[in-house]
Amino acid sequence: MSDEKSLNFLEEIIEKDLADGKYTSIVTRFPPEPNGYLHMGHATSICLNFGLSKKYPGYTNLRFDDTNPVTEDTEYVESIKEDIKWLGFEWKHERYASDYFEELYQYAITLIKKGLAYVDDISSEEMATLKGSPTEPGKDSPFRNRTVEENLELFAQMRNGDFPDGARTLRAKINMSHPNMLMRDPILYRIKHAHHHRTGDKWCIYPMYDFAHGQSDSIENITHSICTLEFVPHRELYDWFIEKLEIYPSHQYEFARRNLSYTVMSKRKLLQLVNDKHVNGWDDPRMPTISGMRRRGFTPASIRKFCETVGIAKRENVVDFSLLEFCLREDLNNTALRAMAVLDPLKLVITNYEDGKTEELTSENGPDEAYGQRSIPFSKELWIEREDFMEEPAKKWFRLAPGAMVRLKSAYIVRCDHFIKDENGQVIELQCTYFPESKSGSDTSGLQTKAVIHWVSAPHAAIAEVRLYDRLFKVENPSSEEGDFKDYINADSLQVVNAFIEPSLKNATLQNRYQFLRKGYFCLDKDSTENKLVFNRTVTLKDAWAKEIKK
RNA sequence: UGGGUUAUGGUGUAAAGGUAGCACUACAGAUUUUGAUUCUGUCUGUCUAGGUUCGAAUCCUAGUAACCCAACCA
């Protein structure tokens with residue numbers, strides 16, 4: 001019986017490789033394309049790749065797969081680097097596929113010289129036709145049998161800028177009737193007279209993914225090149241290039257991409273949400289982007305824990321969002337500062353409390369004594385949560401109701417004597433009696449209450465905008481539902497309220513996380529100004545009562 | 001009507017022929033000056049049909065289902 005955590009399939013492969021002496025240390029890489037923001041799916045890959053080189057001897061490179069200049073930009077490079085660092089990982093070398101353009105070009109010449117690549121003049125439409133289909137073999141291009149000399153000459157001219165975009169391509173000469181579509185003479189280079197964010201106008205031909213990725217791995221001596229399952233068919237090509245080019249044999253391994261319930265994870269879909277203004281940008285706190293989650297208040301530790309807990313395998317999956325929330329709450333419960341805020345206020349007046357008097361009470365700042373205590377003002381008029389009063393109490397209701405008693409957190413026990421309604425029948429004020437001898441810390445009243453509620457002293461309260469977020473989609477798997485995934489957007493995913501907050505929260509910082517007692521975990525938003533505080537709700541607390549009343 | 005990958009509770013993931021385990025969720029209870037946290041317990045699973053074996057999630061045979069591949073994207 002071993003209480004060691006079992007290994008995932010990649011760890012097993014690595015341990016075997018290490019045990020066999022195939023490698024003495026490993027090299028992995030995280031290879032984003034700088035054409036968008038990182039999301040939770042990338043976090044999986046980051047935790048995996050960096051995690052493996054942390055667990056085993058070796059290191060991880062950050063390599064930008066920047067082979068398509070028309071969609072890529074340095075803006076993305078910067079945000080990607082920031083996100084990786086925020087997640088808590090360090091790369092050994094920062095590299096770019098574009099660093100290798102000259103080497104890649106030479107590799108292409110090698111293939112041409114071996115008679116394994118040729119310049120093709122047919123259009124993309126013709127190429128698609130000749131490619132055949134998964135069930136039908138393709139046909140050779142009429143340009144397939146050019147001489148090595150002619151190919152060399154034409155490829156040099158391609159590089160030289162002698163042809164317009166799309167006029168010619170360099171293709172590998174493999175097999176047009178191969179059952180694997182990717183082996184049917186894949187394109188190696190295409191002509192794009194485009195400005196590249198790093199190489200500028202130096203090149204007008206750019207390598208395709210398949211001709212760049214594997215070779216880049218090889219150049220960097222990557223031992224374990226880990227990618228998602230849709231690249232499985234590419235592995236045959238990956239190995240073909242390594243064999244024909246006789247270069248360092250990196251190996252590709254694939255795992256199943258991670259899906260999360262109640263959200264979407266593809267760049268394309270996330271882009272639509274941004275463009276169609278369903279969210280306010282890539283870092284909207286409802287987005288599953290790293291920047292969005294950071295703004296929402298997720299902690300790096302919670303994301304790492306989540307990735308570790310889910311594990312990795314090769315089967316299709318949709319992970320419960322509740323597991324992410326569990327990891328989040330677990331971390332936040334241990335680190336968040338406690339404070340009181342009333343999101344939906346109802347006035348509570350203590351009729352037997354002296355007018356104009358203020359008492360300074362103390363309350364704990366955090367989950368344990370190390371966090372210390374703080375002072376909170378208490379007075380005759382308080383704000384409490386509207387949902388903490390029921391005119392006609394439900395079964396098992398422990399909170400305020402006519403004649404009922406509750407404890408005000410870190411203060412006194414009060415009893416509700418009367419309630420006042422406005423002309424619409426809405427309760428607008430509770431009138432209560434307090435018991436002076438029930439003061440927290442020196443309670444001699446002998447009174448017992450089943451509930452403790454939070455409150456804020458009305459004359460001392462500050463006001464803050466609070467943004468309450470809910471899941472972005474109404475269904476577990478928006479992408480697998482009928483019709484457009486956008487039809488399943490949750491229209492109530494953002495609710496903005498003005499809340500009364502205890503005075504100490506005026507000193508809230510962007511770095512700290514807060515637990516608003518009984519309401520959830522919150523963090524200050526970057527939209528805050530000196531005059532206006534804005535808080536984001538990261539996640540609610542678990543709420544057993546909410547479940548109870550559903551029954 | 002080609003090739004590839006995968007099938008274990010509601011979800012995710014273990015078990016390398018020998019007690020189907022862990023986590024989340026759900027449910028029940030204890031504790032609690034947060035109906036939080038913490039603690040205890042319960043429910044639910046090997047895609048199907050055959051076969052091999054003392055013994056099968058695991059091996060064999062035949063099915064079934066899901067996903068990926070026909071971008072000058074990555």
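Lettering of chains follows the sequences in order, A, B, ..., and the numbering in each one begins at 1. Heavy atoms only: backbone and side chains are in, while hydrogens, waters and symmetry mates are out. Quick caveat: nothing in here was measured; it's all calculated off a predicted structure.
Nucleotide B:U6 holds its C1' atom 11 Å from the CG atom of A:Asn317, rounded to whole Å. Atom P of nucleotide B:G2 and atom CD of A:Glu136 are separated by 12 Å, given to the nearest angstrom. When the P atom of B:U38 is taken as reference, atom CZ of A:Phe326 falls 7 Å away, rounded to whole Å. Distance CG (A:Asn477) to C1' (B:U11): 13 Å, rounded to an integer number of Å. Taking atom CG of A:Asn8 as the reference point, atom C1' of B:A16 lies 16 Å away to the nearest angstrom. The CG-P distance, from A:Asp388 to B:U34, rounds to 13 Å in whole Å. If you measure from atom CZ of A:Phe9 to atom P of B:U5, you get 13 Å, rounded to the nearest angstrom. In this structure, the CZ atom of A:Phe398 is 13 Å from the P atom of B:U34, given to the nearest Å.
B:U61: Watson-Crick or G-U partner is B:A49, with both key distances under 3.5 Å. In this structure, B:U5 forms a base pair with B:A66, meeting either the Watson-Crick or the G-U wobble geometry with both donor-acceptor distances under 3.5 Å. B:A30 and B:U38 make up a base pair, with Watson-Crick or G-U wobble contacts both under 3.5 Å.
Using a 4.0 Å cut-off, no side-chain N or O of A:Lys542 falls inside it from OP1 or OP2 of B:U34. Phosphate proximity of B:U34 to A:Arg338: absent, as no side-chain N or O sits under 4.0 Å from OP1 or OP2. Distances shorter than 4.0 Å separate some side-chain N or O of A:Arg315 from OP1 or OP2 on B:U8. In this structure, A:Lys450 does not reach the B:G35 phosphate: none of its side-chain N or O atoms is under 4.0 Å from OP1 or OP2.
Nucleotides B:U64 and B:A28, compared at atom P, are 44 Å apart to the nearest Å. Atom C1' of B:C47 sits at a distance of 24 Å from the matching atom of B:U19, rounded to the whole Å. Of the C1' atoms belonging to B:A15 and B:G21, the separation is 7 Å, rounded to the nearest Å. Rounded to a whole angstrom, the distance from the C1' atom of B:U11 to that of B:C60 is 32 Å. If you take atom P in B:U44 and the same atom in B:A20, they sit 14 Å apart, rounded to whole Å. If you take atom P in B:A26 and the same atom in B:A71, they sit 45 Å apart, rounded to whole Å. Comparing the C1' positions of B:G18 and B:G55 gives a spacing of 7 Å, expressed to the nearest Å.
One donor-acceptor pair, N or O on each side, does fall under 3.5 Å between the base of B:U33 and the side chain of A:Arg407. Judged by distance alone, with hydrogens and angles left aside, A:Gln515 brings a side-chain donor or acceptor within reach of the base of B:U34, the pair sitting under 3.5 Å. The base of B:G35 is paired with the side chain of A:Arg399 by a donor and an acceptor separated by under 3.5 Å. Judged by distance alone, with hydrogens and angles left aside, A:Ser440 brings a side-chain donor or acceptor within reach of the base of B:U33, the pair sitting under 3.5 Å.
In this structure, A:Ile312 reaches the sugar-phosphate backbone alone: every heavy-atom distance under 4.0 Å involves primed, P, OP1 or OP2 atoms, never a base. A:Lys396 comes within 4.0 angstrom of a base, heavy atoms only. Across all strands shown, A:Trp397 has heavy atoms under 4.0 Å from base atoms, whether or not it also approaches the sugar-phosphate. Here A:Ser410 lies in heavy-atom contact (under 4.0 Å) with a base. Within 4.0 Å of A:Gly138, counting heavy atoms only, lies no atom of the nucleic acid at all.
The aromatic rings of A:Phe155 and A:Tyr105 sit parallel, their planes meeting at an angle under 30°, below the 60° perpendicular limit.
Taking the nucleotide of RNA chain B with the nearest heavy atom to each of A:Ala411 and A:Glu316, the more 5' of the two is matched to A:Ala411. Of the two residues near RNA chain B, A:Lys439 and A:Thr309, the one whose nearest nucleotide lies more 5' is A:Thr309.
Ion pairing between A:Lys192 and A:Asp165 fails under the 4.0 Å rule for side-chain N and carboxylate O. A salt bridge links A:Asp185 with A:Arg144: the closest approach of a Lys/Arg side-chain nitrogen to an acidic carboxylate oxygen falls below 4.0 angstrom. Note on A:Asp217 versus A:Arg63: salt bridge recorded, some NZ/NE/NH1/NH2 to OD/OE distance being below 4.0 Å.
Side-chain contact check for A:Val456 versus A:Ile501: every heavy-atom pair is 4.5 Å or farther apart.
Note: A:Tyr189 and A:Tyr206 fail the aromatic proximity criterion, with ring centroids not under 6.0 Å apart. In summary, the aromatic rings of A:Tyr514 and A:Phe522 are positioned with their centroids too far apart to meet the 6.0 Å limit. A ring-centre distance under 6.0 Å is found for A:Phe378 and A:Trp455. The aromatic ring centroids of A:Phe516 and A:Phe535 lie less than 6.0 Å from each other.
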Can you list the steps and then say if A:Phe473 with A:Phe321 is a ring pair (Phe, Tyr, Trp, His ring centres under 6.0 Å)? CA-CA 12 Å; A:Phe473 289 90; A:Phe321 198 83; over 10 Å; no
Return a single string for nucleotides 68-74 of chain B, one symbol per nucleotide in 5' to 3' order, where B is base contact, S is sugar-phosphate-only contact and - is none, cutoff 4.0 angstrom on heavy atoms. SSB-BSB
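Candidate nucleotides B:U25, B:G35, B:G10 were compared by shortest atom distance to the side chain of A:Trp545, and B:G35 ranks first.
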